**Q** 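The structure under discussion is supplied below as structure tokens; questions concerning it will follow.
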Amino acid sequence: MDRAGLSFDQRVQAAVALVPRGRLATYGQIAELIGAYGCARQVGWALRRLPLPSAVPWHRVVNAQGRISMSPGREGSDWMQIELLRAEGIPVQADGRLPLRRYLWSPEFPLVDACSISA
DNA sequence: TAGGTGACGGACC
DNA sequence: CGGTCCGCCACCT
């Protein structure tokens with residue numbers, strides 16, 4: 001639990017929810033976004049715990065190599081991920097590879113907030 | 001408690 | 001581009 005009372009899983013879900021339809025994010029990117037730099041692996045575990053189907057766009061999270069993380073342990077959710085991404089217009093090859101550079105999402109932070117002190 | 005296993009990532013060859 | 005190694009850390013024996 002963090003100061004806002006959110007568990008690690010909840011923070012991951014909140015971050016993933018920010019990824020727009022038709023765009024992609026990496027596990028490491030989500031980790032960094034929630035202040036857990038270097039904890040990409042745990043992000044994977046958090047998504048593994050996600051009950052499906054889910055309103056959280058978990059399918060938009062792929063690995064930094066630009067491929068769907070395929071694994072028997074996912075019991076088919078990896079293949080489901082390929083279908084969901086294709087449905088959003090992202091070309092995914094049969095082996096899980098995809099053009100990450102073209103669809104990678106970049107979180108937008110306000111350059112100046114309303115309370116900043118200006119000179 | 002120690003050791004193996006990942007929905008990872010980056011360095012190297 | 002592909003294959004290996006290693007650091008990482010939560011889970012599960």
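Scope of the values below: all heavy atoms of this structure, side chains included, with no hydrogens, waters or symmetry mates. Within every chain, numbering begins at 1; the chains are lettered A, B, ... in the order of the sequence lines, protein sequences first and strands thereafter. Predicted model only: the values in this text are computed from it and were never measured.
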**Q** Please report, rounded to the nearest Å, how far the P atom of B:dC8 is from the CH2 atom of A:Trp58.
**A** 14 Å
**Q** Between B:dG9, B:dA7, C:dC9, which nucleotide gets closest to the side-chain atoms of A:Leu47?
**A** B:dA7
**Q** Can you tell me how far P of B:dC8 sits from CZ of A:Phe8, to the nearest Å?
**A** 13 Å
**Q** Indicate yes or no: at least one non-hydrogen side-chain atom of A:Arg21 is less than 4.5 angstrom from one of A:Arg60.
**A** yes
**Q** Give the rounded distance in Å between these two atoms: CD1 of A:Ile30 and P of B:dG9.
**A** 11 Å
**Q** Would you say A:Ser69 reaches B:dC8's phosphate, i.e. side-chain N/O to OP1/OP2 under 4.0 Å?
**A** yes
**Q** What is the distance from atom OH of A:Tyr27 to atom CZ of A:Arg41, rounded to the nearest 0.5 Å?
**A** 12.0 Å
**Q** To the nearest Å, give me how far apart CD (A:Gln42) and P (C:dA10) are.
**A** 5 Å
**Q** What's the closest nucleotide to the A:Arg74 side chain, out of B:dA7, B:dG9, C:dA10?
**A** B:dA7
**Q** Within this structure, what is the CD-CD distance for the pair A:Glu83 and A:Glu88, rounded to the nearest 0.5 Å?
**A** 12.0 Å
**Q** Check the pair A:Trp58, A:Leu84 against side-chain contact (heavy atoms from CB on, under 4.5 Å), reporting the backbone distance first and the verdict last.
**A** CA-CA 10 Å; A:Trp58 56 273; A:Leu84 290 172; 3.7 Å; yes
**Q** Among B:dA7, C:dA10, B:dG9, find the nucleotide with the atom closest to the side chain of A:Thr26.
**A** B:dG9
**Q** Please report the interatomic distance CG(A:Leu24) to CH2(A:Trp105), rounded to the nearest 0.5 Å.
**A** 11.5 Å
**Q** Whole Å only: how far is the CD atom of A:Glu32 from the C1' atom of B:dG10?
**A** 14 Å
**Q** Can you check the A:Trp79 CH2 to B:dA7 C1' distance for me, whole Å?
**A** 15 Å
**Q** What's the closest nucleotide to the side chain of A:Arg97 if the choices are C:dC1, B:dA7, B:dG9?
**A** C:dC1
**Q** To the side chain of A:Gln65, which of B:dG6, B:dA7, B:dG9 is closest?
**A** B:dG9
**Q** Tell me: CG of A:Leu98 to P of C:dC1, nearest whole Å?
**A** 12 Å
**Q** What is the separation between atom CD1 on A:Ile68 and atom P on B:dG9, rounded to the nearest whole Å?
**A** 13 Å
**Q** According to a strict under-4.0 Å criterion, is A:Arg48 in side-chain N/O contact with OP1 or OP2 of C:dA10?
**A** no
**Q** When all nucleic acid strands are considered with a 4.0 Å heavy-atom cut-off, which category describes A:Gly38: base, sugar-phosphate, or nothing?
**A** nothing
**Q** Hey, which of these two, A:Trp45 or A:Arg41, hits DNA chain C nearer its 5' end, going by closest nucleotide?
**A** A:Arg41
**Q** Is any side-chain N or O of A:Ser71 closer than 4.0 Å to OP1 or OP2 of B:dG6?
**A** no
**Q** Base, sugar-phosphate, or nothing: which does A:Arg67 touch, judged by heavy atoms less than 4.0 Å apart?
**A** nothing
